[in-house]
Amino acid sequence: QVQLVEAGGGLVQAGGSLRLSCAASGRTFSQYPMAWFRQAPGKEREFVAVITWNAPSTYYADSVKGRFTISRDNAKNTVYLQMNSMKPEDTAVYYCGQRLWPFAGAAMNLASDRNYYWGQGTQVTVSS
């Protein structure tokens, strides 16, 4: 049974930084793409970033490109999201996802994919 546990959320001022982590268990971590999504109040869950298992390849939403960095440590079964230069519009619940199936292509081809196991989410609030 796949379990994903996020950590690292909190309150930060605009321009500040946070680092989210997501620890995975239940199956071989290194075989699956990992992603971060977020959901603001009254809005749909949206894609933030994804990282494949191989290379690895990464891809970002335009709204976070150049500010956020996704990375993974396969030895620790953990994926990270480093968030810099944060803005009030980054305020949301952030969810970690592990893709249901392996994927051998480029990360950009996963931007519209929603087939993931999900964590419980962690709140990120950016004050202006």
Side-chain angles (χ1 to χ4, degrees):
Q1 181 176 351
V2 173
Q3 288 191 322
L4 303 170
V5 179
E6 299 102 334
L11 174 64
V12 64
Q13 288 189 332
S17 298
L18 278 177
R19 189 194 196 202
L20 305 182
S21 64
C22 171
S25 61
R27 59 180 186 174
T28 305
F29 177 79
S30 61
Q31 294 182 353
Y32 299 90
M34 299 294 296
W36 289 95
F37 285 72
R38 66 187 182 186
Q39 188 167 17
K43 294 188 177 182
E44 293 186 353
R45 190 173 298 190
E46 65 173 3
F47 167 78
V48 174
V50 64
I51 184 167
T52 59
W53 67 273
N54 58 328
S57 169
T58 59
Y59 189 75
Y60 299 89
D62 287 343
S63 59
V64 307
K65 201 171 295 182
R67 300 187 298 120
F68 291 11
T69 302
I70 187 171
S71 61
R72 65 189 297 161
D73 185 336
N74 289 336
K76 296 183 178 179
N77 291 350
T78 301
V79 63
Y80 304 96
L81 185 69
Q82 177 66 44
M83 304 184 292
N84 299 329
S85 302
M86 298 187 72
K87 304 175 181 179
E89 51 263 44
D90 294 322
T91 296
V93 177
Y94 282 71
Y95 295 91
C96 166
Q98 184 179 74
R99 198 169 187 265
L100 297 180
W101 312 288
F103 180 78
M108 66 178 296
N109 294 326
L110 291 172
S112 60
D113 190 48
R114 297 294 182 270
N115 296 299
Y116 289 90
Y117 292 107
W118 300 104
Q120 82 287 352
T122 185
Q123 177 69 47
V124 171
T125 303
V126 184
S127 63
S128 56

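The two residues A107 and V50 make their nearest non-hydrogen contact at O-CG1, 3.5 Å. Among all heavy-atom pairs drawn from N109 and F103, the shortest one is CB-CZ, 3.8 Å. In terms of heavy-atom proximity, M34 sits nearest to C22 at CE-SG, 4.5 Å. The minimum heavy-atom distance between Y59 and A111, with the atom names listed, is CE2-CB, 3.6 Å. The minimum heavy-atom distance between A14 and S128, with the atom names listed, is CB-CA, 4.3 Å. Across A40 and A92, no two heavy atoms sit closer than the pair N-CB, 3.8 Å.
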Requested in this report: Could you give me the CA-CA distance, side-chain angles and deciding distance for Y80 and D73, then say whether side-chain contact (heavy atoms from CB on, under 4.5 Å) is met?
Outcome: CA-CA 8 Å; Y80 304 96; D73 185 336; 4.1 Å; yes
Report task. Take D90 and R67 through the side-chain contact (heavy atoms from CB on, under 4.5 Å) test and state the conclusion after the steps. Result -> CA-CA 11 Å; D90 294 322; R67 300 187 298 120; 2.8 Å; yes
Requested in this report: Kindly indicate, with the supporting measurements, whether the criterion side-chain contact (heavy atoms from CB on, under 4.5 Å) is fulfilled by W36 and M83.
Outcome: CA-CA 12 Å; W36 289 95; M83 304 184 292; over 6 Å; no
Query raised in the report: What do the steps show when you test F29 against Q98 for side-chain contact (heavy atoms from CB on, under 4.5 Å), and what is the final call?
Result: CA-CA 9 Å; F29 177 79; Q98 184 179 74; 3.8 Å; yes
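Transitive grouping of hydrophobic side chains (ILVMFWY, heavy atoms separated by less than 4.5 Å) brings I51 and F68 into a common cluster. Under the 4.5 Å side-chain contact rule for hydrophobic residues, V48 and V124 share a cluster. In the hydrophobic clustering of ILVMFWY residues, with side-chain heavy atoms under 4.5 Å counting as a link, L4 and V79 come out together. Both F47 and M108 are part of a single hydrophobic cluster, where members link through side-chain heavy atoms under 4.5 Å apart. Linking Ile, Leu, Val, Met, Phe, Trp and Tyr whenever their side-chain heavy atoms come within less than 4.5 Å puts V64 and V12 in one cluster.
Between the side chain of T52 and the backbone N or O of S57 there is at least one donor-acceptor pair closer than 3.5 Å. Within the 3.5 Å criterion, the main-chain N or O of I70 finds a donor-acceptor partner in the side chain of Y60. Judged purely by atom type and a 3.5 angstrom limit, R72 has no side-chain atom pairing as donor or acceptor with the backbone of N74. Of the possible polar contacts, one joining the E6 side chain to the C96 backbone as a donor-acceptor pair under 3.5 Å is found. A side-chain donor-acceptor contact under 3.5 Å links T91 to the backbone of V126.
Under the 6.0 Å distance and 45° angle rule, R27 does not count as a cation-pi partner of Y117.
Going from atom OG1 of T78 over to atom CG of L20 covers 12.5 Å, rounded to the nearest 0.5 Å. The CZ atom of R114 sits 12.0 Å away from atom CZ of R99, with the distance rounded to the nearest 0.5 Å. Here the CD-CD distance, from Q1 to Q3, works out to 5.5 Å after rounding to the nearest 0.5 Å.
Side-chain contact between R38 and L81 is absent, with no heavy-atom pair separated by less than 4.5 Å. At least one side-chain heavy atom of Y116 sits less than 4.5 Å from a side-chain heavy atom of F37.
The local environment of NZ in K43 is sparse, with at most 12 non-hydrogen atoms from other residues, nucleotides or ligands closer than 6.0 Å.
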